[in-house]
Amino acid sequence: MRTAVVGHVEWVSFMEVDHVPAPGEIVHAGAWWEEAGGGGAGAAVQLGRLARDVTFFTALGDDAVGHRSYERLEELGVRMRVAWRSEPARRALTFVDRAGERTITVLGDRHSPVATDDLPWDELEAIDAVYFTAGDAGVLRLAREAGVVVATTRVLSVLTEAGVQLDAVVGSAVDPSEAYPPGGIEPPPGLVVRTDGARGGTYEIAGGRVGSYASESPPGPIVDRYGAGDCFAAGLTYGLGRGLATEEALKVASLCGAAVITGRGPYEAQLTNAALEERLSG
């Protein structure tokens with residue numbers, strides 16, 4: 001199975017703290033580390049671990065941080081297709097508190113690929129499933145050449161402008177910045193998923209069927225919730241691309257979201273293909 005992500009990257013500095021500092025407060029980090037992160041990067045690595053084949057179409061700052069991100073993602077098994085930008089790479093600062101909750105501050109503008117970038121867009125025609133996190137409307141139209149296309153509601157204006165038939169959109173039931181509004185986009189996507197953390201979430205299938213899904217129990221103690229939503233979306237993309245029914249694809253998504261929060265950062269505890277097959281068969 002061939003998969004792809006079209007999206008963005010941030011170079012993230014993580015700090016483990018007892019709690020997020022209040023105004024004027026000084027807190028000490030028990031540990032800190034850096035990693036290539038962001039919604040596109042996290043989903044790309046997760047898709048690669050499930051499908052064993054992933055291509056990431058992105059844009060990066062042509063600086064030391066951008067090149068470091070490129071090298072790190074290749075090291076993690078991602079096939080990179082990069083448009084280089086003259087502006088600095090985007091960074092982020094993430095606090096992870098004792099409950100595993102993450103609080104993020106971003107620095108700089110997000111770099112997104114656009115249709116006029118000199119990238120091998122024709123490769124998308126041979127892709128089985130694509131997850132779209134960032135880019136312009138032209139890129140989304142190009143991505144529609146793939147077998148299955150899933151997109152995040154974070155880029156709702158792009159989805160609206162592109163006017164293409166999406167197989168699924170993933171949004172939030174609680175975060176206004178990721179809401180999918182009544183009436184949504186045209187043409188209506190085949191599936192709308194609204195996540196609600198540990199409470200699971202709801203879904204709507206084109207034609208009117210509405211349902212809910214349960215969250216999956218993490219396979220260990222919660223360490224860091226960073227990347228849970230990205231891995232959920234990657235799992236859904238993989239499940240739909242594999243031809244699973246909606247409920248089965250949502251189970252794969254939930255298993256991915258539950259696994260990643262048991263490790264530090266976006267990659268340490270991501271679900272592998274072998275672990276997924278074991279969970280599904282069990």
Side-chain angles (χ1 to χ4, degrees), residues 3-8 38-40 42-44 47 56-59 109-117 121 124-125 127-197 200-213 228-247 249-250 252-254 257:
T3 65
V5 172
V6 179
H8 65 288
L47 270 171
F56 186 18
F57 294 85
T58 189
D109 295 329
R110 181 174 63 185
H111 294 315
S112 303
V114 296
T116 54
D117 286 327
W121 298 117
L124 289 166
E125 298 175 10
I127 297 295
D128 298 300
V130 171
Y131 177 51
F132 184 90
T133 74
D136 68 357
V139 170
L140 183 52
R141 295 185 190 110
L142 292 168
R144 183 58 274 181
E145 295 299 317
V148 166
V149 181
V150 178
T152 173
T153 56
R154 295 173 192 162
V155 290
L156 191 63
S157 61
V158 175
L159 309 187
T160 301
E161 181 184 352
V164 298
Q165 179 70 59
L166 299 172
D167 295 279
V169 295
V170 183
S172 172
V174 294
D175 185 347
S177 69
E178 298 181 25
Y180 186 78
I185 60 175
E186 291 293 338
L191 172 68
V192 177
V193 179
R194 294 179 175 90
T195 63
D196 194 7
T202 61
Y203 65 88
E204 299 174 20
I205 297 175
R209 185 157 70 91
V210 177
S212 61
Y213 66 90
D230 306 321
C231 289
F232 178 96
L236 179 66
T237 303
Y238 173 75
L240 294 176
R242 183 169 153 176
L244 299 180
T246 298
E247 292 79 4
L250 285 166
V252 172
S254 297

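For this chain, numbers begin at 1 and follow the sequence in order.
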Can you list the residues that meet the ring pair (Phe, Tyr, Trp, His ring centres under 6.0 Å) rule with Y238, with sequence neighbours excluded?
-> none
Shortest non-hydrogen contact from G40 toward F56 | C-CZ, 3.5 Å
Identify each donor-acceptor pair in which a side-chain atom of residues 130-144 lies under 3.5 Å from a protein atom, sequence neighbours left out, and give them as a table.
{"residue": "T133", "atom": "OG1", "partner": "H8", "partner atom": "ND1", "Å": "3.3"}
{"residue": "D136", "atom": "OD1", "partner": "A115", "partner atom": "N", "Å": "3.2"}
{"residue": "D136", "atom": "OD1", "partner": "G138", "partner atom": "N", "Å": "3.4"}
{"residue": "D136", "atom": "OD1", "partner": "V139", "partner atom": "N", "Å": "2.9"}
{"residue": "D136", "atom": "OD2", "partner": "A115", "partner atom": "N", "Å": "3.4"}
{"residue": "R141", "atom": "NE", "partner": "A162", "partner atom": "O", "Å": "3.2"}
{"residue": "R141", "atom": "NH2", "partner": "E161", "partner atom": "O", "Å": "3.1"}
{"residue": "R144", "atom": "NH1", "partner": "Q165", "partner atom": "O", "Å": "2.5"}
{"residue": "R144", "atom": "NH1", "partner": "D167", "partner atom": "OD2", "Å": "3.0"}
{"residue": "R144", "atom": "NH2", "partner": "A146", "partner atom": "O", "Å": "3.2"}
{"residue": "R144", "atom": "NH2", "partner": "G147", "partner atom": "O", "Å": "3.2"}
{"residue": "R144", "atom": "NH2", "partner": "D167", "partner atom": "OD2", "Å": "3.1"}

Roughly how far, to the nearest 0.5 Å, is the CG atom of L47 from the CG atom of D128?
-> 11.0 Å
Between atom OG1 of T152 and atom CG of L159, what is the distance when rounded to the nearest 0.5 Å?
-> 8.0 Å
Using the test side chain to side chain donor-acceptor pair (under 3.5 Å), find all partners of D117 that sit at least two apart in sequence or belong to another chain.
-> R85
Quick one: pull up OG1 in T246 and CG in L191 and give me the separation to the nearest 0.5 Å.
-> 5.0 Å
Residues at least two apart in sequence or cross-chain that pass side chain to side chain donor-acceptor pair (under 3.5 Å) with E247, listed by chain then number, are Y203, R209
Enumerate donor-acceptor pairs with a distance under 3.5 Å from any side-chain N or O in residues 178-186 to protein atoms, sequence neighbours excluded.
{"residue": "E178", "atom": "OE2", "partner": "R154", "partner atom": "NE", "Å": "3.3"}
{"residue": "Y180", "atom": "OH", "partner": "I185", "partner atom": "N", "Å": "3.0"}

Just do the side-chain contact (heavy atoms from CB on, under 4.5 Å) check on T3 and T237 with the steps written out, would you?
-> CA-CA 9 Å; T3 65; T237 303; 6.0 Å; no
On a heavy-atom basis, the closest approach of T58 and G7 is OG1-O, 2.8 Å
Hey, is the main chain of T195 close enough, under 3.5 Å, to the side chain of T202 for a donor-acceptor pair?
-> no
Note: A59 and P113 closest approach over all heavy atoms is CB-N, 4.0 Å
Qualifying residues under side chain to side chain contact (heavy atoms under 4.5 Å, CB included), relative to A173, sequence neighbours excluded = R194, D196
Tell me, with the steps shown, if L236 and L250 meet side-chain contact (heavy atoms from CB on, under 4.5 Å).
-> CA-CA 6 Å; L236 179 66; L250 285 166; 4.1 Å; yes
